[in-house]
Amino acid sequence: MARRNLSGAVDFAVLERMTGGDDAISEEVLGLFVQQAAMWSPMLDVREAGWRDGVHTIRGAAAGIGASALAEACQRAEAADKAGAPPLLDRVRDALDLALSDVAAFRHELMLRGLRG
C-alpha cells in the first residue's frame, strides 16, 4: 500500500509486516506513534533533565514503524554527551517532522481505504 509515502522517511512495509497488513492495527500503531511523538518531543532539548529518555522512546517508536532515519538520528543523539547533543537533537526534530508528515499521509490513505469498504 503506502502510496502516500511523501518523503520516504518511513518504510511502511516494516509496519505492514508487523501488523500483518491489518489496516485497523496499522492505524492503532500509527496513532500511538503520533501520541509518543507529541508526548516526548518537548523533551528534545538538553535543558530538559529527561532528554535522553525522550530520544530513547522516540527511537523505539520510530524503529517499530519503519522510520529508520529517525531511529538512527535518535541513536546518535542518545549516545552524545550533553555538549554535543544540541545539533543532533535538531536532526532528530527534523527527522521526526518528516516521519510525522508521512504518517499523516499514510493514515489519511487508511481512512480513505476504509471509506471505500
Side-chain angles (χ1 to χ4, degrees):
M1 182 153 120
R3 291 181 302 273
R4 296 196 185 270
N5 186 356
L6 300 178
S7 72
V10 180
D11 179 358
F12 289 105
V14 171
L15 174 69
E16 291 177 328
R17 280 192 302 275
M18 182 182 73
T19 65
D22 185 306
D23 288 351
I25 296 172
S26 294
E27 169 57 31
E28 184 175 349
V29 169
L30 293 175
L32 290 171
F33 175 79
V34 170
Q35 289 175 0
Q36 291 274 318
M39 185 180 344
W40 291 98
S41 62
M43 304 284 292
L44 300 178
D45 186 320
V46 294
R47 294 172 291 187
E48 296 291 334
W51 68 270
R52 281 187 207 278
D53 294 332
V55 172
H56 181 78
T57 302
I58 292 170
R59 175 183 169 193
I65 66 163
S68 60
L70 174 56
E72 290 169 15
C74 288
Q75 182 177 11
R76 285 188 210 100
E78 190 177 2
D81 62 12
K82 189 173 181 177
L88 298 173
L89 291 171
D90 288 341
R91 291 184 192 138
V92 169
R93 283 189 292 275
D94 290 344
L96 180 59
D97 287 345
L98 285 174
L100 286 170
S101 292
D102 281 5
V103 164
F106 190 83
R107 291 178 81 189
H108 180 75
E109 187 170 312
L110 288 175
M111 182 202 63
L112 292 175
R113 184 174 171 171
L115 292 173
R116 291 184 202 122

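Not measured: the values here are computed from a predicted model.
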Colleague: Taking C-beta and beyond as the side chain, do L112 and E109 meet within less than 4.5 Å on heavy atoms?
Modeller: no
Colleague: Taking all atoms of both residues into account, what is the closest heavy-atom pair of A77 and V92, and its distance?
Modeller: CB-CG2, 3.9 Å
Colleague: CD1 of I25 to CE of M18: how many Å apart, nearest 0.5 Å?
Modeller: 9.0 Å
Colleague: As an exercise, state the distance from CE of M111 to CZ of R113, rounded to the nearest 0.5 Å.
Modeller: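 So the gap between those two atoms works out to 13.5 Å.
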Colleague: Would a hydrophobic clustering, with Ile, Leu, Val, Met, Phe, Trp and Tyr connected at side-chain separations under 4.5 Å, put L15 with L98?
Modeller: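 No; L98 is not reachable from L15 via cluster members.
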Colleague: What's the verdict on side chain to side chain contact (heavy atoms under 4.5 Å, CB included) for L88 and V55, showing C-alpha distance, side-chain angles and the deciding distance?
Modeller: CA-CA 10 Å; L88 298 173; V55 172; over 6 Å; no
Colleague: Are M39 and T57 close enough that some pair of their side-chain heavy atoms sits under 4.5 Å apart?
Modeller: no
Colleague: At what distance, to the nearest 0.5 angstrom, does CG of L70 lie from CD1 of I65?
Modeller: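 One gets 7.5 Å once the value is rounded to the nearest 0.5 Å.
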Colleague: For residues 47-57, which residue pairs qualify under salt bridge (Lys or Arg N to Asp or Glu O under 4.0 Å), counting only residues two or more places apart or in two chains?
Modeller: D45-R47
Colleague: Can you see which heavy atom on F33 is nearest to which on A99, and at what distance?
Modeller: CZ-CB, 4.4 Å
Colleague: Got a second to check how far L115's CG is from L110's CG, nearest 0.5 Å?
Modeller: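 Taking CG in L115 and CG in L110, the distance rounds to 11.0 Å.
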Colleague: Does the side chain to side chain contact (heavy atoms under 4.5 Å, CB included) test come out yes or no for D97 and S101, once each step is laid out?
Modeller: CA-CA 6 Å; D97 287 345; S101 292; 5.6 Å; no
Colleague: Could you give the distance from CD (E78) to CG (L89), rounded to the nearest 0.5 Å?
Modeller: 10.5 Å
Colleague: Between D90 and R93, is a salt bridge (Lys or Arg N to Asp or Glu O under 4.0 Å) present by the stated rule, with each step listed?
Modeller: CA-CA 5 Å; D90 288 341; R93 283 189 292 275; 2.3 Å; yes
Colleague: Is there a donor-acceptor contact under 3.5 Å from the side chain of D11 to the main chain of G66?
Modeller: no
Colleague: State, to 0.1 Å, how close A37 and P42 come at their nearest heavy-atom pair, and which atoms those are.
Modeller: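 Result for this residue pair: O-CD, 4.4 Å.
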Colleague: Do V34 and F12 belong to the same hydrophobic cluster, where Ile, Leu, Val, Met, Phe, Trp and Tyr are linked whenever their side-chain heavy atoms lie under 4.5 Å apart, directly or via other members?
Modeller: yes
Colleague: Write down the atom of A63, the atom of A71, and the distance for their closest heavy-atom approach.
Modeller: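 Heavy atoms of A63 and A71 come nearest at N-CB, 4.2 Å.
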Colleague: Is there a path of hydrophobic side-chain contacts, each under 4.5 Å between heavy atoms of I/L/V/M/F/W/Y residues, joining V14 to I58?
Modeller: no
Colleague: With heavy-atom distances below 4.5 Å as the criterion, would you say the side chains of F106 and L30 are in contact?
Modeller: yes
Colleague: How about L100 and L96: do any of their side-chain heavy atoms sit closer than 4.5 Å?
Modeller: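 Result yes, sub-4.5 Å side-chain heavy-atom pair found.
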Colleague: Minimum heavy-atom separation for G54 and W40, please, with both atom names.
Modeller: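 Closest heavy-atom pair between G54 and W40: CA-CE3, 3.3 Å.
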